[in-house]
K.L.:
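Sharing a structure below in structure tokens format, with a few things to ask.
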Amino acid sequence: MPSPLHTLAFVQTNQYKDSVALMRVAQGLLALPDVVNATLQLGNPANKEILRDVGLLRPEVAEAGPSDIMVVVQAHSVAAAEAARAEACAQLAGRASVGAVGAAMEVPATTLAMAQARHPQANLAQISVPGPYAAAEALKAVNLGLNVFLFSDNVPLAQEVALKQAAERQGVLVMGPDCGTAIVGGVPLGFANQVRRGSIGLVAASGTGLQEVTTQIHRMGGGISHAIGTGSRDVLAAVGAITMRQGIALLAGDAGTRVIVVICKPPAPEVAAQVMAALRAAAKPAVVLFIGAAPTPLKADRAAATLRQVHTLVDCAAAAIRLAGQRPRPGASYALPTRPRFAQSQKYLRALYSGGTFAAEAQALWAAQGLKVWSNVALDKALALPEPRKASREHSALDLGDDAFTVGRPHPMIDQTTRIQRLLQEAADPTTRVILIDVVIGWGAHADPAGELAPALQQAQRIAANGGRRLGLVGFVCGTEQDPQGLARQEATLRGAGMALAGNSANAAWLAAQWLQ
């Protein structure tokens with residue numbers, strides 16, 4: 001019988017790290033011997049509620065403030081937990097750099113105004129501070145005439161609206177809040193991929209959607225002028241797509257952009273009309289993907305002749321390439337694998353995504369094929385999975401990057417521990433037929449996600465084989481050969497582990513559905 005876990009909780013007061021930094025610290029703690037869980041969260045009410053839901057809101061961290069870091073560690077021994085505490089404190093403190101003796105030491109800039117004075121050519125501020133303070137700092141940047149990449153989350157909706165309205169008056173752009181991806185002038189921000197420069201500009205309220213379309217454009221031979229993230233709430237009726245409409249206008253006035261692409265989950269109807277009106281006013285060829293929504297009716301005029309509405313992320317990329325006057329370049333060959341022979345008990349599809357947009361696109365595609373798919377991020381709210389952390393139900397598509405799964409673990413784009421655990425759980429279920437997995441590479445992602453995943457894929461197949469079954473493993477890699485991890489290397493590792501690969505997210509969803517027939 002396993003020994004009970006020892007839980008240790010403490011607060012690092014008046015210290016801030018953004019969510020990516022906290023994820024990386026947690027990942028380091030999980031690599032320590034006998035440490036089985038580690039979570040680092042800012043002490044805001046939303047994070048406390050998440051900890052409470054999973055039974056980790058200990059009294060030691062309950063009074064933490066929004067500028068404090070809550071640390072909760074679970075280990076098999078007191079010694080292991082104390083070692084994790086020491087390592088967490090060391091990583092959060094960082095290492096001070098020592099200058100040469102007698103060298104002049106520059107005082108660090110402590111305000112945006114100081115930083116702008118030292119770098120007057122800069123026109124963009126990247127902000128990642130606790131949610132309660134993020135809008136105020138972003139507003140300071142806006143008032144200084146700076147565009148903003150706002151990585152911070154937990155910003156109240158009313159503050160987002162006020163901030164974006166102020167930016168619109170100032171003629172600058174606020175990407176976010178909770179904006180994880182952008183490419184500005186060829187420079188990746190947040191989680192983004194290395195793609196060639198070109199004539200296609202994008203505006204998206206979807207991080208992984210932006211990554212998939214930009215990488216598919218690159219793989220088809222096209223290039224990106226700019227890729228502007230807006231934050232997912234930008235297309236709510238309360239916000240009115242302020243950043244999306246500004247982004248469209250900026251790309252319309254950019255001489256290096258010939259084609260404009262818009263990507264988001266279904267916006268409010270009045271917002272969809274505003275976005276379409278902005279595209280018509282831009283007077284440039286455009287592609288629109290409202291994931292899972294019916295096409296918006298178009299007037300039969302000259303503007304409509306160069307406006308394409310598509311249904312999938314890969315079609316979005318191909319349409320943009322064609323509107324830019326190019327023919328999409330054939331990519332690597334993805335041979336259709338032989339369908340495994342499944343046992344009679346194996347009936348269901350289990351998709352384990354790290355990207356919420358991939359889960360949404362797949363649900364829309366499967367719904368069109370008559371499949372009823374449950375999800376923790378259900379497009380059809382009647383199919384909301386009741387307890388996604390515990391078990392799937394029939395056909396299920398999970399977004400493992402959702403808050404429900406990231407408590408105590410970094411995001412699956414950084415650390416796949418939670419996904420690997422769920423993979424093995426699904427493999428042991430005699431009703432599981434097909435498991436579908438996305439692998440996202442690029443800046444900010446795991447250094448070798450396929451290498452981490454491959455042993456688990458092989459173990460999953462052994463678990464099924466011990467029960468007299470064969471698993472269908474389907475996947476795809478979102479990325480390019482220029483990404484640090486290398487697209488071809490990642491795909492070769494996954495194939496070697498027994499995964500059938502598709503060249504894009506839509507084809508992977510299609511192949512998984514074929515194996516259900």
Side-chain angles (χ1 to χ4, degrees), residues 16-21 94 96-97 99 103-131 133-153 155 159-160 162-199 201-205 207 210-211 214 223-231 234 242-257 442-444 484:
Y16 176 77
K17 300 283 185 182
D18 65 37
S19 59
V20 173
S97 59
M105 301 296 290
E106 183 180 48
V107 177
T110 56
T111 68
L112 288 167
M114 287 177 63
Q116 187 184 47
R118 292 180 186 179
H119 304 283
Q121 76 283 4
N123 66 359
L124 185 144
Q126 183 166 321
I127 295 176
S128 185
V129 300
Y133 311 118
E137 291 303 313
L139 185 59
K140 292 175 187 177
V142 166
N143 290 335
L144 290 170
L146 296 170
N147 299 288
V148 174
F149 180 81
L150 186 52
F151 190 81
S152 304
D153 57 6
V155 175
Q159 292 183 13
E160 176 176 347
L163 175 62
K164 290 187 171 182
Q165 289 174 344
E168 189 172 32
R169 290 192 296 269
Q170 286 281 78
V172 295
L173 198 67
V174 172
M175 293 177 276
D178 200 18
C179 184
T181 304
I183 303 172
V184 179
V187 178
L189 301 174
F191 294 105
N193 300 88
Q194 195 67 44
V195 297
R196 75 174 60 81
R197 298 295 306 278
S199 62
L202 302 94
V203 189
L210 192 61
Q211 288 188 264
T214 55
I224 307 302
S225 56
H226 306 281
I228 299 169
T230 70
D234 192 69
I242 292 175
T243 300
M244 183 166 283
R245 291 186 286 107
Q246 281 184 290
I248 292 169
L250 286 171
L251 294 175
D254 176 41
T257 299
W443 300 108

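Just so you know, residue 1 is the first one in the sequence shown, and it goes up from there.
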K.L.:
To the nearest 0.5 Å, what is the distance between CG on L251 and OG on S199?
P.N.:
11.5 Å
K.L.:
Can you tell me if Q126 uses its side chain to pair, donor with acceptor, with the backbone of F151 under 3.5 Å?
P.N.:
no
K.L.:
With distance as the sole test, does D153 use its side chain to make a donor-acceptor pair with the main-chain N or O of D178 at under 3.5 Å?
P.N.:
no
K.L.:
Which heavy atom of A182 sits nearest a heavy atom of F149, and at what distance?
P.N.:
CB-CE1, 3.7 Å
K.L.:
For T230 and T243, does a side-chain donor sit closer than 3.5 Å to a side-chain acceptor?
P.N.:
no
K.L.:
Would you say the side-chain atoms of R197 pair up with the backbone N or O of G185, donor to acceptor, closer than 3.5 Å?
P.N.:
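Looks like yes, one N/O pair under 3.5 Å.
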K.L.:
Looking at A138 and L163, what are the two nearest heavy atoms and their distance?
P.N.:
CB-CD2, 3.6 Å
K.L.:
Can you name the side-chain contact (heavy atoms from CB on, under 4.5 Å) partners of A227, sequence neighbours left out?
P.N.:
I183, L202, L210, T214, I224
K.L.:
Is there a donor-acceptor contact under 3.5 Å from the side chain of Q170 to the main chain of V142?
P.N.:
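Looks like yes, one N/O pair under 3.5 Å.
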K.L.:
Could you check whether any side-chain N or O of T181 sits under 3.5 Å from a backbone N or O of A192, counting only pairs where one atom can act as donor and the other as acceptor?
P.N.:
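Not confirmed, T181 side chain does not pair with A192 backbone.
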K.L.:
For G442 and N193, work out which heavy atoms get closest and say how close.
P.N.:
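Closest pair (atom of G442, atom of N193, distance): CA-ND2, 3.7 Å.
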K.L.:
Which atom pair, heavy atoms only, marks the closest approach of S225 to G256?
P.N.:
CB-O, 3.9 Å
K.L.:
Start with the C-alpha gap between E168 and R245, add the side-chain angles, then the distance that decides, and say whether side chain to side chain contact (heavy atoms under 4.5 Å, CB included) holds.
P.N.:
CA-CA 10 Å; E168 189 172 32; R245 291 186 286 107; 3.8 Å; yes
K.L.:
Distance check, rounded to the nearest 0.5 Å: Q165 atom CD versus E160 atom CD?
P.N.:
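Here the interatomic distance stands at 10.5 Å.
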K.L.:
Can you tell me how far CG of L144 sits from CG of L139, rounded to the nearest 0.5 angstrom?
P.N.:
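Rounded to the nearest 0.5 Å, the CG-CG separation comes to 9.5 Å.
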K.L.:
Show your reasoning for whether side chain to side chain contact (heavy atoms under 4.5 Å, CB included) applies to H226 and L250.
P.N.:
CA-CA 10 Å; H226 306 281; L250 286 171; over 6 Å; no
K.L.:
Could you state the interatomic distance from CE (M244) to CE (M175), rounded to the nearest 0.5 Å?
P.N.:
13.0 Å
K.L.:
Can you name the nearest heavy-atom pair linking Q246 to A167, along with the distance?
P.N.:
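What the structure gives for the nearest pair is NE2-O, 3.9 Å.
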K.L.:
Are the side chain of E137 and the backbone N or O of V129 linked by a donor-acceptor pair below 3.5 Å?
P.N.:
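Looks like no, no N/O pair under 3.5 Å.
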K.L.:
What heavy-atom pair brings G247 and I228 nearest, and what distance separates the two atoms?
P.N.:
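Scanning both residues, the minimum pair turns out to be CA-CD1, 4.0 Å.
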K.L.:
When rounded to the nearest 0.5 angstrom, what is the spacing between CD1 in I248 and OG1 in T257?
P.N.:
12.5 Å
